[in-house]
Protein chains: 2
Amino acid sequence: MTATFRTLDVLLNPRAIAVVGASSNPMKIGGRPIAYMKAQGYAGRIYPVNPRADTVQGLPAYPSIAAIGAPVDLAIVAAAAPAVEGIVREGIAAGIRAFVVFSSGFGEFSEEGAAMQARLRAICDAAGVLLLGPNCLGVINIRNRVIASFTTAMEDHALIEGGFGFVSQSGALGAYWLDMVFQRGIGVSSWIATGNEAGITVSDAIHHLARDPDTRVIGCYIEDIKDGPAFREAALSAIAAGKPVILIKSGRSRIGAAAAASHTGALAGEDERYQALFDQIGIVRVNALSEMVSLARLILMQPPASGPNVGIISVSGGAGVMLADELDEAGFAIPPFDADTRARLNDALPGFVSANNPLDVTGGVAGDSGIFSRVLDALGSAPDHDGFVLFIGLMASISRDLSESLVRAFAGRGKQVVVVWIGAPAAVVRELEAHGLPVYPDIPEAVRAMRLARELGAGRQKAQRLLGTEWAAPLPAAAALETRSEIRAQEVIRAHSSLAFPAQVLVQTPEQAAEALSVLTPPLAVKLQSPDMPHKSEHGGVRLGIADRDTLMRTVREMREIAGTRRLRLDGILLQEMSQVAHELIVGFRRDPLFGPLLLIGRGGVEVELRPDCRMAYLPLTPEAVLSMLRGLATAALFEGYRGGPRGDLPALARSLADLGRAFAADSTIEEIEINPLALTRDGRLVALDALSLHRVAPPASRAEPGGTPGEAPGPEAP
Amino acid sequence: MTATFRTLDVLLNPRAIAVVGASSNPMKIGGRPIAYMKAQGYAGRIYPVNPRADTVQGLPAYPSIAAIGAPVDLAIVAAAAPAVEGIVREGIAAGIRAFVVFSSGFGEFSEEGAAMQARLRAICDAAGVLLLGPNCLGVINIRNRVIASFTTAMEDHALIEGGFGFVSQSGALGAYWLDMVFQRGIGVSSWIATGNEAGITVSDAIHHLARDPDTRVIGCYIEDIKDGPAFREAALSAIAAGKPVILIKSGRSRIGAAAAASHTGALAGEDERYQALFDQIGIVRVNALSEMVSLARLILMQPPASGPNVGIISVSGGAGVMLADELDEAGFAIPPFDADTRARLNDALPGFVSANNPLDVTGGVAGDSGIFSRVLDALGSAPDHDGFVLFIGLMASISRDLSESLVRAFAGRGKQVVVVWIGAPAAVVRELEAHGLPVYPDIPEAVRAMRLARELGAGRQKAQRLLGTEWAAPLPAAAALETRSEIRAQEVIRAHSSLAFPAQVLVQTPEQAAEALSVLTPPLAVKLQSPDMPHKSEHGGVRLGIADRDTLMRTVREMREIAGTRRLRLDGILLQEMSQVAHELIVGFRRDPLFGPLLLIGRGGVEVELRPDCRMAYLPLTPEAVLSMLRGLATAALFEGYRGGPRGDLPALARSLADLGRAFAADSTIEEIEINPLALTRDGRLVALDALSLHRVAPPASRAEPGGTPGEAPGPEAP
């Protein structure tokens with residue numbers, strides 16, 4: 001744990017709240033929080049501040065914060081932007097420890113606004129008080145009815161306490177989320193909309209929810225994280241502690257994204273770098289609020305499935321098969337029931353029904369709902385199955401019987417149980433969900449939620465393995481970069497790994513090249529080595545298949561001429577024995593400005609751009625982690641003896657890349673290393689056939705230590 | 001048009017209906033149709049037949065069909081299975097022309113039931129009357145209130161007339177569909193559940209809906225089609241006539257599917273062969289009823305988008321970006337507005353909003369709904385954009401203003417307009433949809449419907465191009481098959497195409513092999529040619545890279561010994577010049593027992609099983625169609641000069657494969673031809689490096705002519 005976080009307790013549990021810019025109109029921004037908290041029964045004191053009113057919504061009003069004359073923990077600020085700084089100063093002077101600033105017109109609007117925002121941040125940091133916003137929709141704690149928000153989503157809903165917490169960089173998305181979860185009867189813990197994030201960030205809020213005993217599942221909407229290491233640490237600790245993080249990140253499409261120069265760069269676009277972090281630490285990403293809510297309903301009601309084996313019980317054969325199709329595509333298995341379970345089922349079923357999986361209890365249930373009940377009872381523990389999906393359609397007239405059977409058979413059984421009920425009566429849905437059995441209106445939504453729930457389970461394991469990792473820190477952008485030639489890049493790689501290169505000799509003259517034939521076996525590759533020609537094969541700097549002395553000498557002469565004509569700095573001419581390539585990898589080490597150094601491994605070769613197949617993760621990485629990246633490639637089998645082909649030693653490669661990654665992360669003078677291709681030869685060797693490195697010309701002005709979190713101000717109440 | 005179809009007019013428009021097994025209990029199978037039709041106002045006469053009642057549900061009852069003594073078009077049969085045959089005979093004698101048989105206990109239940117079902121079919125075919133079922137949920141025509149069904153889905157709904165027709169092999173799925181469409185306010189034309197399909201098939205029903213003036217969109221649920229050519233023709237004619245077919249086929253997963261022997265076989269599994277047909281003729285497949293209904297709502301309300309360019313107007317910046325993400329992934333473009341439109345928008349927008357796409361009108365709309373109205377008006381014709389998506393969230397208090405603006409700006413404008421409104425008030429949804437503006441509750445569902453609507457548009461074009469195609473017919477399974485050696489398979493291929501093979505000589509002796517060196521340039525491939533060794537490379541029957549005379553002669557000697565030891569019939573030893581392979585294709589011609597002969601083209605090589613990349617279509621195919629299969633491969637670029645690589649002449653290859661396909665389809669003695677690999681060489685030639693053919697030992701007993709439809713009985717009322 002290296003990042004520091006703001007402690008949000010006083011923001012979410014204030015004993016008294018001042019509302020500056022309080023309005024008597026409950027529909028106005030300065031009126032809504034008061035109206036909501038009065039209606040919902042906030043137990044603390046509310047002090048409206050409004051110099052032009054004696055009372056506001058029935059409460060005594062005060063002309064200023066100073067005039068309140070009683071302890072206040074939190075101030076809600078609903079004033080014009082230029083007035084905010086004065087209000088916050090006044091509040092700090094009066095001992096207020098947290099500010100929620102609704103006001104817009106700051107960094108999101110203009111240069112002047114950004115300057116005001118920076119001053120506001122500095123004032124709050126200096127005083128050690130919390131700042132949420134500005135330009136934010138505020139914060140809500142359902143349990144104690146703190147509603148420091150003007151969201152219209154609080155208008156029509158009875159509040160439901162529960163385990164779902166939400167953090168959002170967008171107020172609008174936050175409002176839609178609130179409306180959606182209350183509509184679907186899901187209970188909420190806390191809700192935090194961070195706005196311009198001058199103070200409290202999404203990372204602080206996740207860190208808070210991770211330690212909040214009321215919160216069991218964390219939802220999150222982000223557009224752009226600025227404190228990458230803190231975000232990683234907050235999410236990781238939440239997930240490892242068993243609080244899944246379900247996240248939406250908008251901007252995943254490449255619309256408008258600039259084309260990247262290097263191969264690794266092209267594969268590691270903006271969104272891919274976020275996605276790599278999510279995948280690595282176990283954040284589960286969804287693309288819409290409805291998907292988030294659909295998943296949260298399942299995991300709030302049901303234990304995670306302990307494995308992939310699902311039993312299907314359906315009132316329609318066709319729907320049972322459709323469920324099996326969808327589950328199979330989502331990576332589940334539909335194995336037969338064990339012999340004991342089959343025997344019990346056969347006793348319970350009418351003669352014309354077989355105890356298969358999917359189990360079709362047939363529409364006959366409509367005439368004899370006892371069939372359904374007997375089947376569910378007979379299922380018993382079904383030891384080979386990790387969860388069940390029940391499919392029902394319509395059957396309004398016997399829906400109460402069916403739901404009672406379901407509750408009796410499954411509620412609290414400890415196995416995941418999901419109900420798909422097309423056309424279910426609303427009352428039955430409420431009844432089943434009150435007993436912890438989630439009901440979905442069609443098959444795809446249910447199966448998607450089940451698939452994502454399994455991902456959450458795998459995510460928790462990932463996070464637990466990563467606890468305590470000393471992450472390498474991101475660096476400020478480099479002032480200038482310099483490319484090194486292949487032979488120089490090889491030096492970096494050789495110094496820190498046991499990666500293999502072709503047999504080779506670096507020469508300066510045709511005569512030296514001729515002499516090299518005594519130690520190298522033709523045919524040879526001849527490559528011009530210059531920091532000024534990184535893409536040497538595109539500029540005549542590479543010649544392949546040179547087999548005889550004369551051609552070799554002539555080629556070396558020509559390369560020297562190219563270097564002379566183009567005024568290239570020349571490190572020499574590299575002669576390499578050629579390899580019989582079976583398959584190619586591409587390996588890149590890069591520095592992500594947000595999350596730090598990373599390793600990218602992908603299938604290489606000519607088709608890499610047509611059907612990219614790559615994995616990316618942040619450093620440091622254990623050899624085991626690198627090996628699972630390698631084996632996670634869709635085409636991984638090609639590198640381990642597929643169909644009699646050559647078998648590379650992937651564990652040894654993984655050790656080398658883990659070593660090299662550790663060295664790369666620690667040496668902040670290296671910006672990038674690319675090995676492309678790293679070839680598997682037909683005789684089973686893994687050889688770096690080309691390499692390139694990018695170096696910072698001078699060390700960065702402010703060099704961060706690994707594990708540090710540059711660019712993040714310490715929290716006001718950090719331990 | 002070669003298939004014959006049953007004409008269903010009398011089934012769907014009967015002037016009088018007898019209900020045999022009529023019940024006074026409106027909840028019983030024999031009572032429901034009477035209750036539904038009375039309640040909904042069927043205008044014809046209903047004659048309950050029940051020997052134990054004088055009246056049924058207030059109608060005079062008759063002891064038998066014969067006793068009715070008035071013309072009856074349709075009989076609904078709700079009697080025990082053993083009684084059905086007698087009832088149908090009696091009905092035929094009384095002049096009834098269509099029977100809907102609800103009764104179960106036929107082919108779905110037992111051997112005896114199957115025999116009864118076969119007799120029933122024979123009786124109806126002989127009499128030239130229609131038979132729907134048995135074991136079916138019946139048929140509904142909403143316009144004239146014919147409800148010859150006992151589905152419980154008709155219990156609670158007011159009927160809505162409209163353009164959506166449905167055909168289902170599952171009664172249960174049919175019932176869920178009815179419930180779902182009425183719930184969502186979608187109007188229905190006709191609904192046909194085909195049950196055991198002893199008479200009327202899904203193909204007949206689609207053919208009917210294709211000609212039914214009330215039907216604009218056809219939904220379909222199938223499990224297993226038996227009359228492949230008729231299904232293809234019915235669907236094709238519907239789609240070409242502008243009636244999209246949206247289809248669910250269950251059983252798409254490979255659970256329990258047997259492993260296939262050949263490569264082509266492995267790539268052409270059961271579901272893939274259906275999917276190939278759907279893709280070829282423009283059927284759009286969905287995986288759930290909710291997806292079908294979601295798509296149908298859009299196309300029933302909105303014109304198809306004429307292109308991929310979408311304009312986004314959102315009240316939330318975050319949601320606008322999420323919409324852009326989802327649309328981009330679905331293949332849409334989000335181009336900027338043209339200069340004129342931008343100018344108009346800038347006039348309409350507040351100063352802090354830019355006329356971008358996505359256009360974020362901001363939450364300020366909540367305070368001034370006029371912004372929204374002005375923006376929509378300013379959008380005008382936006383000539384560069386083919387459709388619009390509006391995103392709104394909550395805003396209950398101004399929802400009426402917003403919906404009025406939307407209706408004024410967009411209703412009937414002729415461009416596709418879709419509304420995503422999270423938390424929309426139900427009344428506003430109804431209002432917008434009444435004006436033809438579909439409202440979706442979240443982004444993914446809307447974008448999915450838009451994507452599928454574009455597929456429907458492309459499907460119509462496909463179907464129109466295929467109108468009048470004389471399809472090659474499927475053949476009955478072969479009694480016995482025989483493999484031919486590569487050299488014999490080459491003869492078949494050479495006879496009908498100009499596909500290239502390596503320079504080669506077939507020899508019988510080592511001495512002939514030595515002589516062949518005068519015409520062949522080593523290194524050579526040496527391949528044993530025997531019909532008894534189809535997989536020759538796995539059994540020592542292939543040696544590569546033979547470069548000198550002695551090795552060549554020894555190799556030929558060894559191959560002869562292998563053939564002798566294994567007692568193989570020997571066609572000779574094939575010597576081929578070796579090619580420098582850049583990339584490989586696999587090409588297969590096969591006979592599908594359901595839909596007829598097909599061509600499969602895929603990326604070949606070692607990774608074909610790891611990441612299959614193939615296309616499949618039924619014969620005959622034009623050279624243009626084959627070329628678009630080739631270019632439809634994900635890795636197609638590799639075969640046309642990708643990144644300086646070799647360029648194969650794909651149009652010439654397509655001509656050859658189209659020719660060969662035509663010959664294959666016409667010659668029913670050939671069961672299969674596989675060319676694997678068909679290599680693109682480094683010097684840009686496309687060469688068949690290996691080939692195999694399978695032949696029927698004797699011609700099939702009943703040989704069908706191309707274009708015929710074997711196994712399908714002529715319809716009773718075929719023209």
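So you know, we letter chains A, B, ... as the sequences are listed, proteins then strands, and number each from 1.
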If we define contacts as heavy-atom pairs under 4.5 Å, which of [options] has the most with chain B?
| options | answer |
| --- | --- |
| A:M27, A:M180, A:E291, A:E326 | A:E326 |
| A:E223, A:Q169, A:E329 | A:E329 |
| A:I422, A:T152, A:I443 | A:I422 |

Using a 4.5 angstrom heavy-atom cutoff, name the option from [options] with the most pairs to chain A.
| options | value |
| --- | --- |
| B:V315, B:I248, B:D179 | B:D179 |
| B:S104, B:S170, B:A153, B:G393 | B:G393 |
| B:S290, B:A172, B:G423, B:G171 | B:S290 |

If you compare all heavy atoms of [X] against all heavy atoms of [Y], which two are closest, and at what distance to 0.1 Å?
| X | Y | answer |
| --- | --- | --- |
| B:R611 | A:P612 | NH1-O, 3.8 Å |
| B:G318 | A:S250 | O-CB, 4.3 Å |
| B:A319 | A:L173 | N-CD2, 3.8 Å |

Contact part of [X] toward chain A, heavy-atom cut-off under 4.5 Å: side chain, backbone, both or neither?
| X | result |
| --- | --- |
| B:F182 | neither |
| B:L327 | neither |
| B:Q183 | neither |

B:L394 vs A:E155 side-chain heavy atoms within contact, under 4.5 Å: no
Full working for side chain to side chain contact (heavy atoms under 4.5 Å, CB included) between A:N287 and B:M322: CA-CA 8 Å; A:N287 293 332; B:M322 288 169 69; over 6 Å; no
Spacing of [X] atom [atom1] and [Y] atom [atom2] [to the nearest 0.5 Å]:
| X | Y | atom1 | atom2 | result |
| --- | --- | --- | --- | --- |
| B:Y176 | A:W421 | OH | CH2 | 10.5 Å |
| A:T635 | B:L610 | OG1 | CG | 7.0 Å |
| A:D271 | B:D325 | CG | CG | 7.5 Å |

